[in-house]
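Just follow the structure's listing: the first ligand is 1, and inside any ligand the first atom is 1. Bear in mind that the values here come from a model prediction, so they are computed numbers and not experimental data.
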Amino acid sequence: MKISIFGLGYVGCVSLGCLAQNGHEMIGVDVNPIKVGQINSGRATIVEKDIDMIMATQHSLGRIRATINFREAIMNSDVSIIAVGTPSTPQGHLNLQYIFNVAEHFGTVLAEKDHFHVIAIRSTVMPGTCEKIAALIEKRSGKEHNVDFAVVSNPEFLREGSAVNDYYHPPLTVIGTESERAGAIIRSLYEQLPAEVVVADTKTAEIMKYVNNTYHALKISFANEVGNICSSLGIDSHQVMDIFCKDKQLNISNYYFKPGFAYGGSCLPKDLKGLQTLAHDLYLQVPLLNSIHKTNEIQMLRAVSILTQQGYRNIGFLGIGFKAGTDDLRNSPAVELAETLLGKGFSIKIYDQNVQTSKLTGTNKEYIDRHIPHLSCLMVQDSRELLNWCDVLVVSTKEAEFVQILSETTDKVIVDLVRISAELDPSNQYIGINWSPSTNEAPAQMAY
Ligand SMILES: NC(=O)c1ccc[n+]([C@@H]2O[C@H](COP(=O)([O-])OP(=O)(O)OC[C@H]3O[C@@H](n4cnc5c(N)ncnc54)[C@H](O)[C@@H]3O)[C@@H](O)[C@H]2O)c1
């Protein structure tokens, strides 16, 4: 395929060489004539393992050239990859000046081009940027997005220092587009790579790089705070994290990675607090660990805010335990939510087959006696009683039985804190705590 790459820095140069090595005919474009000159003499513009050899070989095979002429590059390619810089402004926003500059050139040149042209945004950009770029090109060219041309998000995951190896072994190839045709073209660029290709909507693909890199920063900082605590106690922090990483069920896994309601229960809050206190007693600063509970409180307030905004007073709870399948109410976020709503004057009824108030004992009973002493008066044994009474139904645990109950529910506001997958009657109004109604993965046939 004939491919042009705009921006010949770390990402652009590596993509230029690696795509040429995979057999494509490449044209590089940069505003910097020195970089263009380097490419045209078979040299890389960056220092990276293996890139010099790749550039020299592919240049000698006639598969690589570069230009400062945008028009020539766009007219002589079917696909363009945009890899210009997107630095931060002093305020932390993205400086999109370079990318919009490139988009303006596309607008001008595509006006003259008859063939379908795909523009893959490899630079890291905020969700919505591809849409803006497409609108700019449409305005300038008079062409239609996803018909005459397509702007596709295709985030780059390589790391400097191992960029060529990362290019050929990416964790994943992500393509964000609403055009099947454009998606298939970009997918074909990477067919020699072993990685899974995920096609998502454009905004989802755009945010992935931010989510990934923020998580990587979080991992490093978590390991550092744990390391600081361990080393103060004479414990080998590397051994601790090695053991931590051996747990592939709960630690290094997709477990817990589901947006939803606050965490609770008798262990997580207690043990987090314990580690924070240990750090405090060691005179260590652990701002990351200290922020975790704050985030949890904010999630609780978010649920309270959604429920209080509905304008109804009768709220039915499906689930009150700290998670499905247990009668443990200690530090249950649903108990805290119910307690807060009661304090605000809402009426509440609760259905949870796991919880028999007469059978609660020990610290579990003590906890509920402190928080909702009249819990037994709020519990109903029959879910139909709850449905007949409430205006708003809040799903706070992922109990299998609730799927059936929800499928028989009509004319309610359903506030889902756990993303329970149920087919809902369209007369219900569905609200997920932190997933939007337009989310792809929303359970089919949910009414929004
Ligand atoms: N460097 C990385 O490891 C890495 C990894 C993944 C993603 N990214 C993202 O990829 C993008 C590029 O990063 P980079 O490190 O390669 O940047 P870079 O600064 O090394 O290269 C950017 C290039 O774009 C050129 N340029 C600027 N305006 C231009 C224009 N109008 N037309 C053509 N070329 C123009 C510059 O001259 C420069 O050569 C950024 O959005 C970055 O966040 C970088």
Side-chain angles (χ1 to χ4, degrees), residues 3-19 26-40 43-51 55 64-74 77 80-89 92-109 119-130 132-133 136-137 140 151-176 190 195 205-217:
I3 304 169
S4 50
I5 297 198
F6 292 75
L8 298 172
Y10 285 89
V11 170
C13 182
V14 170
S15 304
L16 196 76
C18 294
L19 282 163
M26 306 299 300
I27 313 173
V29 186
D30 205 292
V31 286
N32 183 338
I34 297 171
K35 294 194 181 189
V36 169
Q38 285 171 310
I39 300 289
N40 281 334
R43 286 181 291 138
T45 59
I46 54 164
V47 174
E48 266 298 327
K49 186 171 179 289
D50 298 332
I51 194 69
M55 294 304 285
I64 289 180
R65 67 187 176 91
T67 177
I68 54 167
N69 187 327
F70 285 71
R71 186 177 181 282
E72 185 204 341
I74 298 168
S77 56
S80 298
I81 292 173
I82 313 303
V84 298
T86 49
S88 295
T89 65
H93 296 111
L94 278 193
N95 176 356
L96 293 174
Q97 163 194 352
Y98 308 117
I99 216 157
F100 285 136
N101 175 275
V102 173
E104 279 171 16
H105 285 287
F106 272 93
T108 307
V109 179
I119 302 156
I121 307 298
R122 205 88 171 123
S123 300
T124 304
V125 293
M126 285 286 165
T129 309
C130 286
K132 287 186 192 151
I133 293 169
L136 200 155
I137 296 173
R140 272 221 169 187
V151 178
V152 169
S153 168
N154 180 213
E156 172 63 70
F157 299 129
L158 62 75
R159 297 159 300 172
E160 289 173 24
S162 55
V164 171
N165 186 59
D166 287 354
Y167 179 89
Y168 285 116
H169 303 93
L172 210 62
T173 295
V174 178
I175 301 170
Y190 304 115
E206 287 176 310
I207 205 168
M208 284 319 302
K209 180 76 182 174
Y210 290 98
V211 175
N212 289 0
N213 274 353
T214 303
Y215 180 57
H216 301 164

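Counting all heavy atoms, side chain and backbone alike, Cys18 lies closest to Val164 at SG-CG1, 4.2 Å.
Residue Val102 approaches ligand 1 through these ligand atoms, each under 4.0 Å from one of its heavy atoms: 30 (C), 31 (N), 32 (N). Residue Lys35 has at least one heavy-atom neighbour below 4.0 Å for each of these atoms of ligand 1: 38 (C), 39 (O). Listed by number with element, the atoms of ligand 1 under 4.0 angstrom from any heavy atom of Glu160 are 1 (N), 2 (C), 3 (O).
With a heavy-atom cut-off of 4.0 Å, His105 does not touch ligand 1 at all. The part of Ala83 lying near ligand 1 is the backbone, judged by heavy-atom distances below 4.0 Å. Residue contacts with ligand 1 for Asn101 involve side-chain atoms from C-beta outward but no N, CA, C or O (heavy atoms, distance under 4.0 Å).
Residue Phe157 places no heavy atom under 4.0 Å from ligand 1.
Remark: minimum distance from atom 32 (N) of ligand 1 to any protein heavy atom is reached at Phe70 CZ, 3.3 Å. Protein heavy atom nearest atom 15 (O) of ligand 1, with residue, atom name and distance: Tyr10 CB, 3.7 Å. Taking atom 5 (C) of ligand 1 as the reference point, the nearest protein heavy-atom neighbour is Leu158 O, 3.3 Å. With hydrogens left out, the protein atom closest to atom 41 (O) of ligand 1 is Thr86 OG1, 2.5 Å, a heavy atom. Counting only heavy atoms of the protein, atom 24 (O) of ligand 1 lies nearest to Gly7 CA, 3.4 Å. At the shortest separation from atom 22 (C) of ligand 1 among protein heavy atoms lies Gly85 N, 3.5 Å. Of all protein heavy atoms, the one closest to atom 7 (C) of ligand 1 is Thr124 OG1, 3.6 Å.
Considering OH of Tyr168 and CG of Leu158, their distance stands at 12.0 Å, rounded to 0.5 Å. Here the CD1-NZ distance, from Ile99 to Lys132, works out to 11.5 Å after rounding to the nearest 0.5 Å. One distance of note links NZ of Lys35 with CG of Leu8; it measures 7.5 Å at 0.5 Å rounding.
Residue contacts with ligand 1: Arg122 is placed with no nitrogen or oxygen under 3.5 Å of a nitrogen or oxygen of the ligand (distance criterion only). Polar contact with ligand 1: absent for Glu156 (N/O pair, distance under 3.5 Å). Residue-to-ligand polar distances keep Asn32 apart from ligand 1: every N/O pair is separated by 3.5 Å or more.
Using a 3.5 Å distance cut-off with no hydrogens or angles, the side chains of Ser4 and Ser80 do pair a donor with an acceptor.
Within the 4.0 angstrom cut-off, atom 19 (O) of ligand 1 has no protein heavy-atom neighbours.
Formation of a donor-acceptor pair under 3.5 Å by the Asp30 side chain with backbone atoms of Val36 is not found in this model. No donor-acceptor pair closer than 3.5 Å links the side chain of Glu160 to the backbone N or O of Tyr10. Under a 3.5 Å cut-off, the side chain of Lys209 and the backbone N or O of Glu156 do form a donor-acceptor pair.
Considering only non-hydrogen atoms, atom 21 (O) of ligand 1 lies nearest to Gly9 out of Ala103, Ser88, Gly9. Within the set Asp30, Val84, Ile82, Val11, the minimum heavy-atom distance to atom 25 (C) of ligand 1 is found for Asp30.
Residues Val211 and Tyr215 are not in side-chain contact: their nearest non-hydrogen atoms beyond the backbone lie 4.5 Å or more apart.
Dense packing is recorded around CG of Leu136, with more than 12 heavy atoms of other residues, nucleotides or ligands lying under 6.0 Å away. Summarising the local packing, CD1 of Ile207 is surrounded by 12 or fewer heavy atoms from other residues, nucleotides or ligands at distances under 6.0 Å.
Aromatic pair Phe6/Tyr98: ring centres not closer than 6.0 Å.
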